Q: 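Below is a structure I'd like to ask you about.
Source: prediction; values computed, not measured.
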Amino acid sequence: MTEIVTAAMLVIGDEILSGRTKDKNIGHLADIMTAIGIDLKEVRIVGDEEDEIVAAVNALRTRYTYVFTTGGIGPTHDDITADSVAKAFGVPCEYDARAYALLEASYAARGIEYTEARKRMARMPRGADHIDNPVSVAPGFRIGNVHVMAGVPAIFQAMLDNVVPTLRAGTKMLSATVECPFGEGLIGRPLGDIQKAHPETIIGSYPKYGDGKFWTELVVRARSQQALDSARADVEAMVAGLIKANKPG
């Protein structure tokens, strides 16, 4: 049986929207999700506004199997993700005893004061589970199907490595690429006919340019090898026919 598991990503932070910080986490999450058979269906970016975060979390968590958030769980006043996620789930945001102790011990070992700002990183929605942080100790958290992680790429990636084994993987999407020496204007109609004939596949058309010429990369995706092979054969036949029809002389 083909099982489709879906995911969405919510990127949180004014610094992303202003351009001060360039996101490096979306592509990484997409790669990992594809590798384990989860379809990343949507990515949203919102600023540090509680109502916007709450609305986005509630919209995404009811629509997709998993939601992953990045950003906004640090020590400063504008790190409001934990509070906002708690509000979305209708539970208090409070100090987590285990997170508090982990951070307290970490700062003590380094001879650094455990300030009120740093204590903020131990706050999470009541009932949330930890997502371990092997880089800088301060944990992310999981509540329901929402996974809340740091925005710093190295920390996000390390947290995600700990999350992946807990996820239910779906049937992996297979893919095949066919190179076409023509632009989309020539292949659009016949390619659309092939897509209609193979509704169990997804056929993407990606324009390319190089050496003064336009060409197109055609990618066929399917969850069964039989469906993939059948659609790819039709795409290859279409390309071969166009080459023959447009050959000089």
Q: Within the structure provided, determine whether L186 and N246 are in side-chain contact (heavy-atom separation under 4.5 Å).
A: yes

Q: Quick check on the hydrophobic clustering: are I32 and V43 connected, directly or via other members, by side-chain heavy-atom contacts under 4.5 Å?
A: yes

Q: To the closest 0.5 Å, what do you measure between NE2 (H130) and CG (L102)?
A: 6.5 Å

Q: Applying side-chain contact (heavy atoms from CB on, under 4.5 Å), can you list everything that pairs with F214, at least two apart in sequence or on another chain?
A: Y209

Q: Quick one: does N25's side chain have a donor or acceptor within less than 3.5 Å of a partner on G151's backbone?
A: yes

Q: May I have all residue pairs that pass salt bridge (Lys or Arg N to Asp or Glu O under 4.0 Å) and include part of residues 63-76, sequence neighbours excluded?
A: E42-R63

Q: A side-chain contact here means heavy atoms from C-beta on lying under 4.5 Å apart; do V146 and F89 qualify?
A: yes

Q: List for me each residue that meets salt bridge (Lys or Arg N to Asp or Glu O under 4.0 Å) alongside D31, sequence neighbours excluded, and say none if there are none.
A: none

Q: Does any N or O in the side chain of T6 come within less than 3.5 Å of the main-chain N or O of Y64, such that one atom is a donor and the other an acceptor?
A: no

Q: Under the rule for salt bridge (Lys or Arg N to Asp or Glu O under 4.0 Å), what residues qualify as partners of D39, not counting sequence neighbours?
A: R223

Q: Is there a chain of hydrophobic side chains (I, L, V, M, F, W, Y, each step under 4.5 Å between heavy atoms) that links L167 to L40?
A: yes

Q: Can S84 and I80 be said to form a side chain to side chain contact (heavy atoms under 4.5 Å, CB included), step by step?
A: CA-CA 6 Å; S84 301; I80 60 172; 4.0 Å; yes

Q: So P134 and N162, do their side chains get closer than 4.5 Å, heavy atoms only?
A: yes

Q: To check you understand the geometry: which heavy-atom pair defines the closest contact between G170 and I38, and what is its length?
A: N-CG1, 4.5 Å

Q: With sequence neighbours excluded, tell me which residues meet ring-ring contact (aromatic ring centres under 6.0 Å, His included) with F141.
A: none

Q: The criterion is ring-ring contact (aromatic ring centres under 6.0 Å, His included); which residues satisfy it with Y107, sequence neighbours excluded?
A: Y114

Q: Taking the side chain as every heavy atom from C-beta outward, state whether F182 and I243 have any atom pair closer than 4.5 Å.
A: yes

Q: Do the side chains of M33 and V219 join up, straight or via other hydrophobic residues, at under 4.5 Å, putting them in one cluster?
A: no

Q: Output every pair passing side chain to side chain donor-acceptor pair (under 3.5 Å) with a member in residues 144-157, not counting sequence neighbours, ordered by first then second residue.
A: R142-H147

Q: Does R110 CZ have over 12 foreign heavy atoms under 6.0 Å away?
A: yes

Q: With side chain to side chain contact (heavy atoms under 4.5 Å, CB included) as the criterion, how do V85 and M124 come out once you've worked through the C-alpha distance, each side chain's angles and the decisive distance to 0.1 Å?
A: CA-CA 9 Å; V85 173; M124 57 185 66; over 6 Å; no

Q: Do any pairs count as a salt bridge (Lys or Arg N to Asp or Glu O under 4.0 Å) and have a residue in residues 115-132, sequence neighbours left out, and if so which ones?
A: D83-R123, E94-R126, E116-K119

Q: Check D51 against K87 and note the closest heavy-atom contact, atom names and distance.
A: OD1-NZ, 3.9 Å

Q: Tell me if a side-chain donor or acceptor on T34 pairs with a main-chain N or O of A30 at a distance below 3.5 Å.
A: yes

Q: Given the rule in the side chain to side chain contact (heavy atoms under 4.5 Å, CB included) test, do I4 and T171 qualify, once you have shown the distances and angles that lead to the verdict?
A: CA-CA 6 Å; I4 299 176; T171 304; over 6 Å; no

Q: Indicate every side-chain donor-acceptor pair of residues 199-208 with a distance under 3.5 Å to a residue at least two apart or in another chain.
A:
from, atom 1, to, atom 2, distance (Å)
T201, OG1, H198, O, 2.8
S205, OG, E184, OE2, 2.7
Y206, OH, R221, NH1, 3.2

Q: With distance as the sole test, does R61 use its side chain to make a donor-acceptor pair with the main-chain N or O of A88 at under 3.5 Å?
A: yes

Q: So, do E15 and D48 sit near enough that their side-chain heavy atoms are less than 4.5 Å apart?
A: yes

Q: Indicate if V148 and F68 have the same hydrophobic cluster label, given that clusters are the connected sets of ILVMFWY residues with side-chain heavy-atom separations under 4.5 angstrom.
A: no

Q: Given side chains that start at C-beta, do those of I73 and D79 come closer than 4.5 Å, heavy atoms only?
A: no

Q: Who passes salt bridge (Lys or Arg N to Asp or Glu O under 4.0 Å) against R168, sequence neighbours left out?
A: E3

Q: Can you hop from V5 to V67 via hydrophobic side chains spaced under 4.5 Å?
A: no

Q: Are there over 12 heavy-atom neighbours, none belonging to Q225, within less than 6.0 Å of that residue's CD?
A: yes

Q: With distance as the sole test, does S230 use its side chain to make a donor-acceptor pair with the main-chain N or O of A227 at under 3.5 Å?
A: no

Q: Please answer whether the main-chain N or O of N58 pairs with a side-chain N or O of T62 as donor and acceptor at a distance below 3.5 Å.
A: yes

Q: With side chains defined as the heavy atoms from C-beta onward, is the minimum distance between T70 and L29 less than 4.5 Å?
A: no

Q: Atom CD1 of I53 and atom CG of L10: how far apart are they, to the nearest 0.5 Å?
A: 7.0 Å

Q: Excluding sequence neighbours, so at least two apart, what forms side-chain hydrogen bond (donor to acceptor under 3.5 Å, both in side chains) with T216?
A: none

Q: Looking only at heavy atoms, which two atoms of M121 and G74 are closest? And how far apart?
A: CG-C, 3.6 Å

Q: Just jot down the salt bridge (Lys or Arg N to Asp or Glu O under 4.0 Å) partners of D229, sequence neighbours excluded, or say none.
A: R232

Q: With the side chain counted from C-beta on, respond yes when I187 and L218 share a heavy-atom pair under 4.5 Å apart, and no when they do not.
A: yes

